[in-house]
Undergrad: 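The structure that follows is given in the form of structure tokens.
Every chain is numbered from 1 and lettered A, B, ... according to where its sequence line falls, protein lines coming before strand lines. Predicted, not measured: the structure shown is a model, and the values here were computed from it.
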Amino acid sequence: ETGVTQSPTHLIKTRGQQVTLRCSSQSGHNTVSWYQQALGQGPQFIFQYYREEENGRGNFPPRFSGLQFPNYSSELNVNALELDDSALYLCASSPRTGQDIQYFGAGTRLSVL
Amino acid sequence: LAKTTQPISMDSYEGQEVNITCSHNNIATNDYITWYQQFPSQGPRFIIQGYKTKVTNEVASLFIPADRKSSTLSLPRVSLSDTAVYYCLVGDMRGSASKIIFGSGTRLSIRP
């Protein structure tokens, strides 16, 4: 049990729609990172937030955006969904920025039809 | 960017010691080595982290040679529940988050 919770656990959307995924960080952690994991592959880094500011971004288009709130919970928003966006989306919190040890949630499984 | 290379898969039996090696030839001076374990439909779980020589915790040991161009995760006396994917990450703990790279990992299968 990592103390990181994500909602919803599963989601089905159609192409072109928008989706919001939510993450509640472990208590005391001010940094949250989001990852996309396609079936059979390792997690791909999307972006990281530290104290409500973006602190690094992977190779994802601008339609992937995020927010971190004062209580350090976070949202991942994806606009104009494409079929290839179907994946497990993981949220991880850490007590410090950069590549510190991360504590992952169980993820949200997104299916785009 | 320190790229890592791991075997795609490994098989072993219950009670055996398993060693998974990760190559990271262009590791930087400030880089640490971190290993994660992932079960199906779950997020990765931190196993161990080290900088040089040997680190041991209640779950595993991490061996890092002097040149730090590789590292070996050692799992003593594995059980069926150790069947999972294991990822090796290399990077500066205080470095840019955009350098966080998970490879494809090593799929470890433990048989009775």
Undergrad: Could you tell me which residues satisfy side chain to side chain donor-acceptor pair (under 3.5 Å) with A:T9, sequence neighbours excluded, listed by chain and number?
TA: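 Side chain to side chain donor-acceptor pair (under 3.5 Å) check on A:T9 returns nothing, list empty.
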Undergrad: Taking side chain as everything from C-beta outward and backbone as N, CA, C, O, which of these in A:F47 sits under 4.5 Å from a heavy atom of chain B? Side chain, backbone, both or neither.
TA: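 Contact with chain B involves no heavy atom of A:F47 at all.
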Undergrad: Testing A:K13, A:R63, A:R15 one by one against A:D85 for a salt bridge (Lys or Arg N to Asp or Glu O under 4.0 Å), which residue passes?
TA: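 Result for salt bridge (Lys or Arg N to Asp or Glu O under 4.0 Å) with A:D85: A:R63.
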Undergrad: What part of A:Q6 is in contact with chain B, defined as an atom under 4.5 angstrom from a non-hydrogen atom: side chain, backbone, both or neither?
TA: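 When you check distances to chain B, no heavy atom of A:Q6 falls under 4.5 Å.
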Undergrad: Among residues two or more places apart or on two chains, list those pairs meeting ring pair (Phe, Tyr, Trp, His ring centres under 6.0 Å) that have a residue in residues 48-74 of chain B.
TA: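 Every pair satisfying ring pair (Phe, Tyr, Trp, His ring centres under 6.0 Å) with a residue in residues 48-74 of chain B: B:Y32-B:Y51.
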Undergrad: Using only heavy-atom distances, determine whether the side chains of A:Q26 and A:S93 contain a donor-acceptor pair under 3.5 Å.
TA: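 Side-chain D/A pair, A:Q26 to A:S93: absent.
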Undergrad: If you count heavy-atom pairs under 4.5 Å between each of B:G43, B:S104, B:P44 and chain A, which one has the most?
TA: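 The option with the most such pairs is B:P44.
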